Amino acid sequence: MKDRHINYANDTKFKFHYVTRTVSDEVQVIDDSRKHSQPLELIVGKKFKYETWEKCLQTMTLGEISSFTVDKKLTAAYPLVAKSLRDIFLGKGVAPTHSCAMTAMGENVLGYEDLNKLMANPEPLEFILEVVDIELAGNYEKDAWAMSSEEKTDAVPKLKEEGNLLYKEKQFEEAAAKYSLALGLLERLNMQEKPGSEEQRLLDEQKVPLLLNYAQCQLLKGDWHQVIQHTTEVLKICPDNVKALYRRAKANARVWRVEEAKDDYHRVCELDETLTNTVKKELSLLSEAVKVHDAEDKNKLAGKLFV
């Protein structure tokens, strides 16, 4: 390994290709990431599965291609890493590799014959790494998994504000994506808290305006089932939320859940009398739509009876 070490800060993102080869007399290629559509990503300081690669990359610059010959003491973990990467690239997901699972699988521990042999008899390996991109910390938007709890907490109001601006510009698809990202971060934070705790309750409260905004975007796009799903989630947190009831009522009406729509509309009136006239209009439109729908069904049925 090179003596040079560049001081890349934590959270620097490397995108790189790798070729793994044996260093015996008959050189064999074990893995080549160029076979896949995307290079691999590694973020410094985020405990990448194979620490050796992180150390190698921190000696490299953008566009550089370098070869590293690594002693077998440091390659023993490679078969497990290679299995995970192959499974991901092949769309298999990542299977458990703890000792019980390995024992149950017998000799075919990893599901790849070459990796099984390498695991049974570790040997030195050559890694040829090519750095195709380097993004310095703070110069890119982190994926949720790479964020600290503090970063997730700080990102939520920013995403909400960005979503609101996009909504005002009638970019409903883009606005919904921002609200969805914020909701995903809150879900991750929620999972860290004790069920039923005050912390979870506060996180749930933060979800409400995001869920409502997301539902409104879907309402305008005509994705009725998404509206029903997200407003129902709001109502689990705030059973008397008028906006959620009203938006769910409109969506229920569009998917012909007529009684559910009526129940939601009536509850809206009970909670906010100022919306009574608006609800009456919606119920009148719903009644007319039901009459037309029923008449169309009768005509279709009559046509079938007299064919």
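Keep in mind that the numbers below use all heavy atoms, side chains included, and drop hydrogens, waters and symmetry copies. Owing to the predicted nature of the structure, the values given are computational and were not obtained by experimental measurement.
- For the atom pair Phe172 CZ and Leu166 CG, the distance stands at 10.5 Å (nearest 0.5 Å).
- Connection of Val132 to Leu62 is not established within any shared hydrophobic cluster, with ILVMFWY side chains joined at heavy-atom distances below 4.5 Å, either directly or through further cluster members.
- Applying ring-ring contact (aromatic ring centres under 6.0 Å, His included) to Tyr18 and the options Phe68, Tyr78, Phe127, Trp53 leaves one that passes, Trp53.
- Judged by distance alone, with hydrogens and angles left aside, the side-chain atoms of Gln200 form a donor-acceptor pair with the main-chain N or O of Gly196 at under 3.5 Å.
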Steps toward ring pair (Phe, Tyr, Trp, His ring centres under 6.0 Å) verdict (Phe14, Tyr8): CA-CA 10 Å; Phe14 285 91; Tyr8 290 108; 5.0 Å; yes
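- With contacts defined as side-chain heavy-atom distances shorter than 4.5 Å, the pair Lys15/Glu135 qualifies.
- The shortest heavy-atom contact between Gly45 and Asn10 is CA-OD1, 3.7 Å.
- Within the 4.5 Å cutoff, side-chain heavy atoms of Arg86 are placed close to those of Asp31.
- The shortest side-chain heavy-atom distance between Glu64 and Glu130 does not fall under the 4.5 Å cut-off.
- Of all non-hydrogen atoms in Val156 and Ala182, the two that sit nearest each other are CG2-O, 4.0 Å.
- Here the side chains of Thr52 and Lys55 are not in contact, with every heavy-atom distance at 4.5 Å or above.
- Between the CZ atom of Arg201 and the CD1 atom of Ile237 there is a distance of 11.5 Å, given to the nearest 0.5 Å.
- The local environment of NZ in Lys221 is crowded, with over 12 non-hydrogen atoms from other residues, nucleotides or ligands closer than 6.0 Å.
- The CG atom of Asp240 sits 5.0 Å away from atom CG of Leu271, with the distance rounded to the nearest 0.5 Å.
- Counted within 6.0 Å of CD on Glu273, heavy atoms from surrounding residues, nucleotides or ligands total 12 or fewer; the atom is thus considered open.
- Counting heavy atoms of neighbouring residues, nucleotides and ligands inside a 6.0 Å radius, atom CD of Glu270 exceeds 12 of them.
- Here NZ of Lys178 is found 12.0 Å from CG of Asn164. Values are rounded to the nearest 0.5 Å.
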Verdict with reasoning, Leu159 to Leu185, per side chain to side chain contact (heavy atoms under 4.5 Å, CB included): CA-CA 10 Å; Leu159 287 167; Leu185 294 178; 3.7 Å; yes
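- Side-chain atoms of Arg247 come within 3.5 Å of backbone N or O of Leu212 as a donor-acceptor pair.
- Just one of Leu235, Leu211, Thr231 meets the side-chain contact (heavy atoms from CB on, under 4.5 Å) condition when paired with Asn241; it is Leu235.
- In the hydrophobic cluster analysis, where Ile, Leu, Val, Met, Phe, Trp and Tyr join through side-chain heavy atoms closer than 4.5 angstrom, Ile30 is grouped together with Leu129.
- Considering only heavy atoms from C-beta on, Glu123 stays 4.5 Å or farther from Thr75 through its side chain.
- Crowding of Glu51 atom CD: a count of heavy atoms from other residues, nucleotides or ligands under 6.0 Å not exceeding 12.
- Listed for the Glu126 side chain is no donor-acceptor partner under 3.5 Å among the backbone atoms of Val23.
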Residues Asp263, Glu260; criterion side chain to side chain contact (heavy atoms under 4.5 Å, CB included); working and verdict: CA-CA 5 Å; Asp263 288 344; Glu260 289 87 345; 5.5 Å; no
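- Nearest heavy atoms, Lys72 versus Pro124: CB-N, 3.7 Å.
- More than 12 heavy atoms of other residues, nucleotides or ligands lie within 6.0 Å of CD in Glu205, so this atom counts as buried by the packing criterion.
- Under the 4.5 Å side-chain heavy-atom criterion for Ile, Leu, Val, Met, Phe, Trp and Tyr, Val70 and Val81 are members of the same hydrophobic cluster.
- Under the 4.5 Å side-chain criterion, counting only non-hydrogen atoms from C-beta, His230 is in contact with Tyr214.
- Judged by distance alone, the side chain of Ser197 and the main-chain N or O of Lys194 form a donor-acceptor pair under 3.5 Å.
- Each of Leu57, Leu42, Val44 was compared with Thr12 under the side-chain contact (heavy atoms from CB on, under 4.5 Å) criterion, and only Val44 meets it.
- Heavy atoms of other residues, nucleotides or ligands lying less than 6.0 angstrom from NZ of Lys207 number more than 12.
- Between the side chain of Thr232 and the backbone N or O of Ile228, at least one donor-acceptor pair lies under 3.5 Å.
- A salt bridge does not link Lys73 with Asp71: every distance from a Lys NZ or Arg NE/NH1/NH2 to an Asp or Glu carboxylate oxygen is 4.0 Å or more.
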Derivation and outcome, side chain to side chain contact (heavy atoms under 4.5 Å, CB included), residues Leu286 and Val258: CA-CA 8 Å; Leu286 178 57; Val258 176; 4.2 Å; yes
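- One hydrophobic cluster holds both Leu40 and Leu115 under the rule that ILVMFWY side chains link at heavy-atom gaps under 4.5 Å.
- Taken to the nearest 0.5 Å, the CZ atom of Phe16 stands 13.0 Å off from the OG atom of Ser66.
- Under the 4.5 Å side-chain heavy-atom criterion for Ile, Leu, Val, Met, Phe, Trp and Tyr, Leu219 and Val279 are members of distinct hydrophobic clusters.
- Counting only heavy atoms from C-beta outward, the side chains of Lys117 and Asp114 never approach each other to under 4.5 Å.
- Among all heavy-atom pairs drawn from Pro157 and Thr153, the shortest one is CD-O, 3.2 Å.
- Within the 3.5 Å criterion, the main-chain N or O of Cys217 finds no donor-acceptor partner in the side chain of Tyr167.
- A donor-acceptor pair is defined here as one N or O able to donate and one able to accept, closer than 3.5 Å; no such pair exists between the side chain of Asp32 and the backbone of Val19.
- A pairwise comparison of heavy atoms in Leu210 and Gln206 identifies CD1-O, 3.8 Å as the closest pair.
- Contact of the Trp256 side chain with the Val290 side chain is registered, since non-hydrogen atoms from C-beta on lie closer than 4.5 Å.
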Stepwise side chain to side chain contact (heavy atoms under 4.5 Å, CB included) test for Tyr112 and Asp87: CA-CA 10 Å; Tyr112 301 96; Asp87 286 349; 2.7 Å; yes
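- A salt bridge between Glu282 and Lys250 is present, with a side-chain N of the basic residue lying under 4.0 Å from a carboxylate O of the acidic one.
- Annotation: the span from His17 atom NE2 to Ile65 atom CD1 amounts to 10.0 Å, rounded to 0.5 Å.
- Nearest approach of Trp224 to Ala251, heavy atoms of both residues: O-CB, 3.6 Å.
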